[in-house]
K.L.:
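Handing you this structure, nothing more for now.
Proteins come first, then strands; the chains are lettered A, B, ... in the order of their sequence lines, and each starts at number 1.
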Amino acid sequence: MPELPEVETIRRDLDRELGGKRIERVTAGGVRSIRRHRDAAEFAAALVGRTVKSVGRRGKYLRIPLGGSHREDEPDPEATLVIHLGMSGQLLLAAAGDATARHTHVVLGFDGGRELRFVDPRTFGEVFVTDDQTRDLARLGADPLEDLRNWTELAELLHGRTTKLKPWLMDQRFLAGIGNLYSDEILFAARLRYDRPAETLSPAEVRRLFRSMTEILQAAIASRGSSLADEQYRDVFGAIGQYQRQHRVYGREGEACPRCRRAIVRVKTGGRSTFLCVRCQR
DNA sequence: ACGCCCGCCTGTAAGC
DNA sequence: TGCTTACAGGCGGGCG
């Protein structure tokens with residue numbers, strides 16, 4: 001659900017809304033959401049008194065470098081607040097008095113009574129503070145929008161990989177940020193089948209894949225991400241995204257392919273649904 | 001670093 | 001009507 005475009009939408013808004021702000025209060029009711037920490041008190045102690053330097057992103061992870069320890073003589077320049085939304089995580093900006101949604105697990109209180117709330121029904125997401133960014137994020141591969149400059153760099157990554165294209169796109173160690181929804185949209189735009197071994201792509205096909213990846217992700221960010229029927233994805237203001245209107249295959253089983261009018265097919269691979277046009281994608 | 005399954009979770013919807 | 005089942009899919013771990 002939240003993939004690169006949704007996380008990037010959240011990142012941009014949070015950076016604007018919270019950059020430079022000081023964390024004054026922390027409450028963590030959901031133990032599972034802060035499972036990397038010993039307990040809520042230890043988690044809170046790592047955050048209270050610190051400021052949000054900026055809000056960054058790597059793949060689907062939000063990275064928030066923290067400044068200004070309350071012990072000014074003992075700053076911890078490496079401390080970073082890391083947030084992963086998992087399947088159902090939301091980050092919502094609210095006023096202190098606003099009603100609290102069900103499954104609100106972590107609340108960061110800022111000066112002026114504003115709050116950042118982490119809501120996550122299925123608790124696959126997590127929030128943690130680390131001074132060792134490498135251990136948790138170093139395994140992530142290239143960010144498709146930040147780190148890949150041209151199609152030849154994509155060709156290098158694909159070289160010698162026998163993995164099928166879709167699992168390859170979704171493997172965060174190769175590329176970071178693409179999940180089930182956007183891999184289907186990217187592969188349709190590139191006219192490539194999900195099960196093509198990665199190493200078999202011709203240069204022309206790699207170029208198509210690169211262009212499609214860049215264009216789809218940027219268009220999805222421009223539309224503030226995708227909210228599906230459950231409207232689980234919300235931006236920090238609680239609004240849904242709009243990119244679902246432009247989905248061409250995802251969730252459109254039986255509908256006409258936008259290119260050739262043949263019915264979109266749904267197949268099960270690796271336990272998850274893949275949507276494609278068997279005529280257009282080869 | 002292949003391909004696949006499982007476990008972790010809850011909300012929703014389809015099926016009987 | 002109400003119960004059961006399937007599905008949604010991020011990620012880490014484990015197996016052959």
K.L.:
Have a look at A:Pro167 and tell me which of A:Leu169, A:Thr163, A:Leu165 forms a side chain to side chain contact (heavy atoms under 4.5 Å, CB included) with it.
P.N.:
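The residue from A:Leu169, A:Thr163, A:Leu165 that satisfies side chain to side chain contact (heavy atoms under 4.5 Å, CB included) with A:Pro167 turns out to be A:Thr163.
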K.L.:
Between A:Ser88 and B:dT10, is there a side-chain N or O to OP1/OP2 distance below 4.0 Å?
P.N.:
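No, because none of the side-chain N or O atoms of A:Ser88 sits under 4.0 Å from OP1 or OP2 of B:dT10.
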K.L.:
Measuring from the side chain of A:Asn180 (C-beta onward, heavy atoms only), which nucleotide among C:dC11, C:dG10, B:dA1 has the closest atom?
P.N.:
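Looking only at side-chain atoms, A:Asn180 lies closest to C:dG10.
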K.L.:
Reckon A:His103 has a side-chain N or O less than 4.0 Å from the OP1 or OP2 of B:dG11?
P.N.:
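Checking B:dG11 against A:His103, a side-chain N or O does come within under 4.0 Å of OP1 or OP2.
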K.L.:
Report which part of the nucleic acid A:Lys166 touches: base, sugar-phosphate, or nothing (heavy-atom distance under 4.0 Å, all strands).
P.N.:
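If one applies the 4.0 Å heavy-atom cut-off, A:Lys166 turns out to touch nothing in the nucleic acid.
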K.L.:
Which listed nucleotide (B:dA1, B:dG3, C:dC11) is nearest to the side chain of A:Lys164?
P.N.:
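Nearest nucleotide to the side chain: B:dG3.
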K.L.:
Starting from C1' on B:dC9, measure out to CZ on A:Arg102 and report it in whole angstrom.
P.N.:
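Taking CZ of A:Arg102 and C1' of B:dC9, I get 13 Å after rounding.
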K.L.:
Ignoring the backbone of A:His84, work out which of B:dG11, C:dG10, B:dA1 is nearest its side chain.
P.N.:
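In terms of side-chain proximity for A:His84, the closest of B:dG11, C:dG10, B:dA1 is C:dG10.
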K.L.:
What does A:Gln232 touch in the nucleic acid at a heavy-atom separation under 4.0 angstrom: a base, only the sugar-phosphate, or nothing?
P.N.:
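Contact class for A:Gln232: none.
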K.L.:
Using the P atom as the reference point in each nucleotide, state the distance between B:dC5 and C:dC7 in Å, no decimals.
P.N.:
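Straight-line distance between the two P atoms is 13 Å.
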K.L.:
What is the nucleic acid contact for A:Arg35, judged by heavy atoms within less than 4.0 Å: base, sugar-phosphate only, or nothing?
P.N.:
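Result for A:Arg35 = nothing.
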K.L.:
Whole angstroms only, please: what is the CZ-P distance between A:Arg58 and C:dG10?
P.N.:
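For the pair A:Arg58 CZ and C:dG10 P, the rounded distance is 18 Å.
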K.L.:
Does the distance from a Lys or Arg side-chain N to an Asp or Glu carboxylate O, for A:Arg117 and A:Asp98, drop under 4.0 Å?
P.N.:
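The answer is no: the pair does not qualify as a salt bridge.
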K.L.:
Rounded to the nearest 0.5 Å, how far apart are CZ of A:Arg36 and OG1 of A:Thr130?
P.N.:
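Taking CZ in A:Arg36 and OG1 in A:Thr130, the distance rounds to 8.0 Å.
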K.L.:
Sort out for me which residue in A:Thr269, A:Asp195, A:Asp184 forms a side-chain hydrogen bond (donor to acceptor under 3.5 Å, both in side chains) with A:Lys166.
P.N.:
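Filter result, single survivor: A:Asp184.
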K.L.:
Classify the angle between the aromatic ring planes of A:Phe174 and A:Trp168 as parallel (below 30°), tilted (30 to 60°) or perpendicular (above 60°).
P.N.:
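If you compare the ring of A:Phe174 with that of A:Trp168, the planes turn out parallel.
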K.L.:
Round to a whole Å and report the spacing from CH2 of A:Trp168 to C1' of B:dC4.
P.N.:
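Computing the A:Trp168:CH2 to B:dC4:C1' distance gives 20 Å.
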K.L.:
Say you pick atom P in B:dG11 and the same atom in C:dT1; how far apart are they, in whole Å?
P.N.:
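23 Å, rounded to whole Å.
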K.L.:
In whole angstrom, give the distance that lies between atom CZ of A:Arg173 and atom P of C:dG10.
P.N.:
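The answer, rounded to whole Å, is 15 Å.
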K.L.:
When you measure from the side chain of A:Arg32, which nucleotide among B:dC2, B:dG11, B:dC8 comes out closest?
P.N.:
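The answer is B:dC8.
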K.L.:
Select from A:Thr123 and A:Thr162 the residue whose nearest nucleotide in DNA chain B is closer to the 5' end of that strand.
P.N.:
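Residue closer to the 5' terminus by nearest nucleotide: A:Thr162.
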K.L.:
Starting from C1' on C:dG13, measure out to CD on A:Gln172 and report it in whole angstrom.
P.N.:
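In whole Å, C:dG13 C1' lies 16 Å from A:Gln172 CD.
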K.L.:
Output the single nucleotide from B:dT10, C:dG10, B:dG3 whose closest atom is nearest the side chain of A:Lys60.
P.N.:
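Of B:dT10, C:dG10, B:dG3, C:dG10 is nearest to the side chain of A:Lys60.
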K.L.:
Distance between the P atoms of C:dA6 and B:dC6, in whole angstroms?
P.N.:
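The same atom, P, in both gives a distance of 12 Å.
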K.L.:
When you get a sec, tell me which of C:dC11, B:dA1, B:dT10 is the closest nucleotide to the side chain of A:Arg122?
P.N.:
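Closest nucleotide to the A:Arg122 side chain: B:dT10.
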K.L.:
How far does CZ of A:Arg191 sit from SG of A:Cys260, to the nearest 0.5 angstrom?
P.N.:
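Output value for this atom pair is 11.5 Å.
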K.L.:
Tell me which nucleotide among C:dG10, C:dC11, B:dC2 gets nearest to the side chain of A:Arg161.
P.N.:
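The answer is B:dC2, which lies nearest to the side chain.
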K.L.:
Return the nearest nucleotide to the side chain of A:Pro121; candidates are B:dA1, B:dT10, B:dC4.
P.N.:
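Closest nucleotide to the A:Pro121 side chain: B:dT10.
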